[in-house]
J.: 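Here it is, the structure, as structure tokens.
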Amino acid sequence: MKCRKCGGTAVLELRRHNAAFCAPDFLDFFRNQVREAVRKYRMLDKDEHVLVAVSGGKDSLALWDVLLDEGYRTTGLYLDLGIFDYSVESRRKCEAFAAGRGVPLIVASVAEEVGGPVPVIKEVTRRPPCSGCGLSKRYLMNRVALDRGIGVVATGHNLDDEAATLFGSIAHWQTDALARQSPALPSTHAKLVRRVKPLYRLSELETSAYAFLRRIDYIVEECPFAKGATSIAHKEILNRMEDASPGAKHNFLFGFLEKARAAFERTEAVELRECARCGQVTTGTICAFCKLADQVKRTL
Ligand code: Q46
Ligand code: ZN
């Protein structure tokens, strides 16, 4: 196998691109894909301060690594979900990464903010753990960014994540979710920061290869609650499609973004208000996060 760019020995074959790369040229390819994502969706300004949400996994740490390499001013945000050893270990990975690069890392604890960690939220609400966890993550990312005067949060969602989310939304025809599915979500209220996903063009395999070649020490284990999550089942279906026809995942996601997404965009604006309790944005009187925190505190 020869590198498509330099003709040297390739270390990685990317079937969907019908190409193989040596290590330096793969890293170049990877960075170019991130640059292209940022350019196409005008995700970030060069001198802008970026809050990078890190979980300790390969994707988010690879994202932080590329953004630092590209010269962005970044601060990491680790949300401690309180999920047993998984959270202890993943926090360690983020702290070690930040210390190694000499970059700031903010740690916020779900248990402190909500009144209980994710496993307790799951018991109290009797809902799937990812429901309370996802809600808390979205809320805290936005609030921490606002509190620090940072206008944009970057997350490590990759092509596989985005394609699986799209698959799930289509399977249930969740038109609101389809309207929101985008590599870059603009701010629609003074208290909502922008959200961007600069890795949306890169597959899970590619982020793993990048993290490996850059010697990033990340947590390999998945969150214990990820097992049995429907998103994993959707990823498996998409992987089978990809095996049979390389590029299928890419075509599925990119075809939607380019040809179909606009059809789901809402015409009438949703009225956004400020939560009577915490001041964050909501469509009701009290936001979903404050309601969740109330429920947890009442039960404990
Ligand atoms: S951390 Fe939280 Fe994920 Fe674990 S509980 Fe679900 S949402 S799976 S990315
Ligand atoms: Zn609130």
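All ligand and atom numbering here is 1-based and tracks the order in the structure.
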J.: Taking 2.8 Å as the limit, list every protein N, O or S atom around atom 2 (Fe) of ligand 1, by chain and residue number.
T.: Cys133 SG
J.: Given Ser90 and Tyr78, is the side chain to side chain donor-acceptor pair (under 3.5 Å) satisfied, shown in steps?
T.: CA-CA 9 Å; Ser90 57; Tyr78 175 76; 2.8 Å; yes
J.: Classify the ring geometry of His250 against His17: parallel below 30°, tilted from 30° to 60°, perpendicular beyond 60°.
T.: perpendicular
J.: Do Glu13 and Arg4 sit within salt-bridge range, that is, some charged N less than 4.0 Å from a carboxylate O?
T.: no
J.: Check whether Phe97 forms a cation-pi arrangement with Arg101 (NZ or CZ under 6.0 Å from the six-membered ring centre, at most 45° off the ring normal).
T.: yes
J.: Shared ILVMFWY cluster between Val114 and Phe84, side chains joined below 4.5 angstrom?
T.: yes
J.: Would you confirm whether Arg73, through its side chain, and Val50, through its main-chain N or O, come within 3.5 Å as a donor-acceptor pair?
T.: no
J.: Where the Zn ion (ligand 2) is the centre, what is the SG-to-SG angle for Cys275 and Cys287, rounded to 10°?
T.: 110°
